[in-house]
2 protein chains.
Amino acid sequence: MTGMTSLHEFCATRGDLAAPCRHCGAREFNVCQALDAAQQEKLFALALRLQVGKRCRLFSAGDPARYVYNLTEGTVCLSRSLPDGRRQILGFLLPGDFIGFEADETHRRDAEALTEAKLCRFERAAFDGFLEDNPDVALRLLRLASSDLAEAARHEVLLGRKTALERIATFLLDLRDRSGARHLRTQPLALPMTRGEIADYTGLTIETVSRVLGRLRSDKLIEVIGTSAVRLLDDGQLERLSGSA
Amino acid sequence: MTGMTSLHEFCATRGDLAAPCRHCGAREFNVCQALDAAQQEKLFALALRLQVGKRCRLFSAGDPARYVYNLTEGTVCLSRSLPDGRRQILGFLLPGDFIGFEADETHRRDAEALTEAKLCRFERAAFDGFLEDNPDVALRLLRLASSDLAEAARHEVLLGRKTALERIATFLLDLRDRSGARHLRTQPLALPMTRGEIADYTGLTIETVSRVLGRLRSDKLIEVIGTSAVRLLDDGQLERLSGSA
DNA sequence: CCGGACATTTGATCTGGATCAAAGCGGGCC
DNA sequence: GGCCCGCTTTGATCCAGATCAAATGTCCGG
């Protein structure tokens, strides 16, 4: 409990009072992408716009899955932990990512904001209803879930078979690509997560993450800017070091 | 290429010549579950029943995703490999599992039969059409994809944060549970995969897998029956050793 | 601009699992 | 039923990354 903000600190605005979707940064991604005007209006009527602070826990594994979310600003991480506290971070979510959809009524992961974040929140029941009325959206979501699955597969390869150096190179390149796809700045590339969070994503320790970043820096493959940004200086070499191709 | 059978060795029967769905062992699972009679008939009309031999590669990462499959008998493994040959097995599929659905037009994984296997194969385009006409099936598939994602998350925890002993205990308990859910025999529990495949699933080496199984055996937590079966002798202790609870 | 708490880096040592190297063995095939 | 060939087990050694232990930054609040 390190000063974690909680649900009652949400600063919430009703859908009809918030900025309309056409100004939303996440509009062109994922669920919201390619909704027609009528669909968008209906979906937006179900939405509650939220802003949450750094370290805010959106939900925890085991919680009833009452809501689904669409991230519009900020970074959120999904993780799962073992009873003794060891944690595996499953991924870092960026604006446009869809969060919290579960097969049954229970969350299987923890979701925590790494930065201040803004989200659209939907009641699960209402969202399910929307999906039933809009099968094309359900199909889009199915495609999204499939690409999440492909991404999980790449992460499993990273965790099961890559060396520390390969893991960090892969992490940096992936983050750069994902950030770029969302039109976020990639040079320098923001690292909204701590070294500890990078460690929990890559299956390493803080010290190893730090040492590998140090080595990449002294090899002039990256420039480390403060503690929360890097510049990738040699994509080709990083690619080679990533082990993926 | 160790005697791998390939596509032309498929022994294929047309849908209308094969045993009807009502005798299919996979009928009560996944996609086929709870289809009404009319839907089942339509879907079956699209199906080609296949039988493939041990080591048969169904598809490889990078292949165009022309078909989706429903496994009805046997075991199939999904994997991804690095260019230098290191392999990560993502999961072992049992009868009832649905295989090969992709977000775009390309497979992202390799799929290989570990035993002789029977499958229903559907043209991707025809299957997509069926989904459009049957939104309830699309929703079911979406739910399936979500639980696959939850399973991938558990596997990421195993690969990123568990010890060798915890990995093997987890693997054995999971396989037992999954086999049980499909009404397969669990005592003794069949291990249709080699030690090398267990190693590639758990992110370990063959030697470590063998040593850990040896230790579990000498601790009287399992009985090793030949090379392809085990008996779990102390679920509570295995559970504790699995690190998960 | 300063202080102080926490994040990060760096260094020394340890160790779980990998790697290298031989035996066992099992089960498919004739 | 016997004979291989490849799988599996077992043993000895090694090493990448973990752990333990200090420094050093850095950023935030006052």
Side-chain angles (χ1 to χ4, degrees), chain A residues 1-4 53-55 84-88 114-116 158-169 171 190-219 222-230 241 243, chain B residues 1-5 53-55 84-88 114-116 158-169 171 188 190-219 222-230 241 243:
Chain A
M1 281 301 171
T2 61
M4 184 171 68
K54 196 183 271 217
R55 303 257 75 89
D84 64 7
R86 280 174 287 173
R87 178 172 71 155
Q88 179 61 51
L114 299 184
T115 62
E116 277 220 345
L158 179 151
L159 293 171
R161 291 302 184 209
K162 287 191 176 181
T163 65
L165 183 58
E166 290 170 333
R167 292 177 198 213
I168 296 298
F171 162 72
L191 300 179
M193 64 294 288
T194 65
R195 298 292 183 270
E197 284 153 352
I198 297 174
D200 281 348
Y201 177 76
T202 53
L204 301 168
T205 58
I206 292 180
E207 294 92 327
T208 299
V209 170
S210 177
R211 275 186 251 270
V212 172
L213 288 174
R215 159 146 182 222
L216 291 174
R217 176 169 43 70
S218 63
D219 288 354
I222 65 174
E223 179 185 338
V224 177
I225 302 165
T227 187
S228 314
V230 294
L241 290 180
Chain B
M1 281 303 172
T2 62
M4 184 169 69
T5 61
K54 198 183 270 218
R55 303 258 74 90
D84 64 7
R86 281 174 287 173
R87 177 173 71 155
Q88 179 62 50
L114 299 184
T115 62
E116 278 220 343
L158 179 152
L159 293 170
R161 290 303 184 209
K162 287 191 177 182
T163 65
L165 183 58
E166 291 169 332
R167 292 178 199 213
I168 297 299
F171 162 71
L191 300 179
M193 64 294 289
T194 66
R195 297 292 183 269
E197 284 153 351
I198 297 174
D200 281 349
Y201 177 76
T202 54
L204 301 169
T205 58
I206 292 181
E207 295 91 327
T208 298
V209 170
S210 177
R211 276 185 251 272
V212 171
L213 287 175
R215 158 144 182 223
L216 291 175
R217 178 169 41 70
S218 63
D219 289 353
I222 66 174
E223 179 185 340
V224 177
I225 302 164
T227 187
S228 314
V230 293
L241 290 179

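So you know, we letter chains A, B, ... as the sequences are listed, proteins then strands, and number each from 1.
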If you pin A:Ser228 and A:Lys162 to their nearest nucleotides in DNA chain D, which one's is more 5'? A:Lys162
A:Arg215 and A:Ile168, any side-chain heavy atoms less than 4.5 Å apart: no
Mind checking whether B:Val212 and B:Thr202 have side chains closer than 4.5 Å, heavy atoms only? no
Nucleotide D:dC7, atom C1' - distance to CE of B:Met193 in whole Å: 16 Å
Rounded to the nearest angstrom, tell me the gap between atom CD1 in A:Ile198 and atom C1' in C:dA7. 12 Å
When rounded to whole Å, the CZ to P distance for the pair A:Arg217 and C:dT9 reads 7 Å
OP1 or OP2 of C:dA18 less than 4.0 angstrom from a side-chain nitrogen or oxygen of B:Thr208, does that happen here? yes
Please tell me which of the listed nucleotides, C:dG17, C:dA21, C:dG11, lies nearest to the side chain of B:Glu207? C:dA21
Between A:Leu241 and A:Leu216, is there a side-chain heavy-atom distance shorter than 4.5 Å? yes
Mind calculating the distance between CG (B:Leu114) and C1' (D:dC7) to the nearest angstrom? 15 Å
Among C:dC20, D:dA18, D:dC20, the one nearest A:Thr205 by side-chain distance: D:dA18
Toward the 5' end of DNA chain D, which comes first, A:Gly226 or A:Arg167, by nearest nucleotide? A:Arg167
Side-chain-base donor-acceptor pair under 3.5 Å for B:Arg211 and C:dG16: no
Specify the separation, in whole Å, of atom CD1 of B:Ile206 and atom P of C:dA21. 16 Å
Just N and O in the side chain of A:Thr227: are any of them under 4.0 Å from OP1 or OP2 of C:dA7? no
Answer with base, sugar-phosphate or nothing: what part of the nucleic acid does A:Leu213 contact at a heavy-atom distance below 4.0 Å? nothing
In whole Å, what is the span from the CZ atom of A:Arg86 to the P atom of C:dG16? 13 Å
Between atom CZ in A:Arg215 and atom P in D:dG17, what is the gap in whole Å? 10 Å
So, do A:Val230 and A:Arg217 sit near enough that their side-chain heavy atoms are less than 4.5 Å apart? no
Indicate, with a heavy-atom threshold strictly under 4.0 Å, whether B:Ser210 touches base, sugar-phosphate, or nothing. base
What is the distance, rounded to the nearest whole Å, between atom CG of A:Leu158 and atom C1' of D:dG17? 15 Å
Least distance between heavy atoms, B:Gln88 atom then B:Asp200 atom: NE2-O, 2.9 Å
